[in-house]
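As the structure is a prediction and not an experimental result, all values here were calculated from the model.
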Amino acid sequence: MSRSRADVIIDRIHNALSGDPLYATNLLYQSLESASFGMVKVVVFFFQVADNDLSADMSAREVLARLHDEGIFVAFHKTRRREGERLLTVSKALNTENLNYTYGNLQGFTRLWLIKTTEAERTLRDMKAQQKNVVFRH
């Protein structure tokens with residue numbers, strides 16, 4: 001019996017989070033970060049999710065749905081290097097028993113973490129400043 005593409009991606013995510021030395025060399029980033037609900041493990045790596053972008057998007061949705069119950073959030077970012085390749089940012093709360101922990105908080109933390117680490121914060125500020133200076137003429 002063959003395994004689905006989502007099964008392969010989920011296995012790769014679990015291996016990355018486990019700190020397995022075999023997979024650690026392929027990680028672009030790995031750290032423990034502090035959040036309002038405790039410590040969060042974050043790993044970032046490239047992965048060929050599918051042969052084309054449409055299949056990659058469908059696989060990403062399946063992976064997100066299946067990992068939701070495990071308390072793992074994955075942000076999939078389209079790359080320009082290859083069709084179907086994605087940059088995966090995986091986050092997992094280490095203490096899900098914390099009263100402040102919710103899956104939505106983990107999603108929000110991951111999105112804010114991505115903005116800060118990619119320095120998109122400055123870009124967003126600049127875009128908002130430009131929008132304030134726009135004058136509409138009738």
Side-chain angles (χ1 to χ4, degrees):
M1 185 163 82
S2 66
R3 294 171 11 131
S4 73
R5 179 58 98 171
D7 290 333
V8 173
I9 298 166
I10 289 171
D11 282 349
R12 178 64 180 96
I13 289 169
H14 284 137
N15 290 332
L17 287 171
S18 73
D20 187 339
L22 178 64
Y23 296 97
T25 57
N26 295 328
L27 297 178
L28 298 175
Y29 183 83
Q30 175 178 322
S31 76
L32 288 175
E33 303 289 335
S34 178
S36 63
F37 50 87
M39 298 303 288
V40 177
K41 182 160 190 172
V42 178
V43 293
V44 179
F45 59 93
F46 285 108
F47 195 75
Q48 188 69 32
V49 174
D51 297 332
N52 59 59
D53 286 336
L54 180 60
S55 295
D57 291 342
M58 291 171 29
S59 294
R61 286 189 185 112
E62 183 180 349
V63 167
L64 280 173
R66 289 175 52 187
L67 290 177
H68 181 277
D69 294 337
E70 295 181 42
I72 299 172
F73 178 71
V74 185
F76 292 85
H77 306 280
K78 191 175 188 178
T79 67
R80 294 183 179 181
R81 297 181 344 160
R82 278 179 271 185
E83 181 90 359
E85 182 182 64
R86 298 292 186 264
L87 176 69
L88 279 69
T89 303
V90 181
S91 58
K92 180 177 182 171
L94 299 182
N95 182 12
T96 57
E97 302 301 317
N98 188 314
L99 295 176
N100 293 331
Y101 171 77
T102 64
Y103 190 75
N105 285 349
L106 182 62
Q107 287 176 313
F109 167 82
T110 305
R111 290 187 175 118
L112 289 174
W113 180 85
L114 281 166
I115 288 170
K116 286 181 182 178
T117 56
T118 59
E119 296 184 3
E121 203 168 26
R122 181 177 48 217
T123 305
L124 287 172
R125 247 191 335 263
D126 293 346
M127 286 173 50
K128 286 180 182 178
Q130 286 178 347
Q131 288 174 351
K132 287 181 182 178
N133 294 331
V134 173
V135 176
F136 293 100
R137 296 177 191 211
H138 298 289

Trainee: Do any N or O atoms from the side chain of Ser18 and from the backbone of Asn15 form a donor-acceptor pair under 3.5 angstrom?
Mentor: yes

Trainee: Nearest 0.5 Å, please: how far is CD in Gln107 from CG in Leu112?
Mentor: 12.0 Å

Trainee: Are Glu70 and Thr96 side-chain neighbours, meaning at least one heavy-atom pair lies under 4.5 Å?
Mentor: no

Trainee: Looking at Asp53 and Arg86, is any side-chain nitrogen of the basic one under 4.0 Å from a carboxylate oxygen of the acidic one?
Mentor: yes

Trainee: Please check this pair: side chain of Asn26 against backbone of Phe45, looking for a donor-acceptor N/O pair closer than 3.5 Å.
Mentor: no

Trainee: So, do Thr117 and Val42 sit near enough that their side-chain heavy atoms are less than 4.5 Å apart?
Mentor: no

Trainee: Hey, could you give me the CD1/OG1 distance between Ile115 and Thr110, rounded to the nearest 0.5 Å?
Mentor: 11.0 Å

Trainee: Enter the distance from Ser4:OG to Ile10:CD1 here, rounded to the nearest 0.5 Å.
Mentor: 7.0 Å

Trainee: Is it true that Asp57 and Lys78 have a side-chain N and a carboxylate O under 4.0 angstrom from each other?
Mentor: no

Trainee: For Ser36 and Asn100, which heavy atoms make the closest approach, and how far apart are they?
Mentor: O-ND2, 3.4 Å

Trainee: Do Leu94 and Lys41 make a side-chain contact, defined as non-hydrogen atoms from C-beta onward lying under 4.5 Å apart?
Mentor: yes

Trainee: Hey, could you give me the OG1/OH distance between Thr89 and Tyr29, rounded to the nearest 0.5 Å?
Mentor: 10.5 Å

Trainee: Could you give the distance from CD1 (Ile72) to CZ (Arg66), rounded to the nearest 0.5 Å?
Mentor: 11.5 Å

Trainee: Under the criterion side-chain contact (heavy atoms from CB on, under 4.5 Å), which of Val44, Val43, Val90 is the partner of Gln30?
Mentor: Val43

Trainee: At what distance, to the nearest 0.5 angstrom, does CD of Glu83 lie from OG of Ser55?
Mentor: 9.0 Å

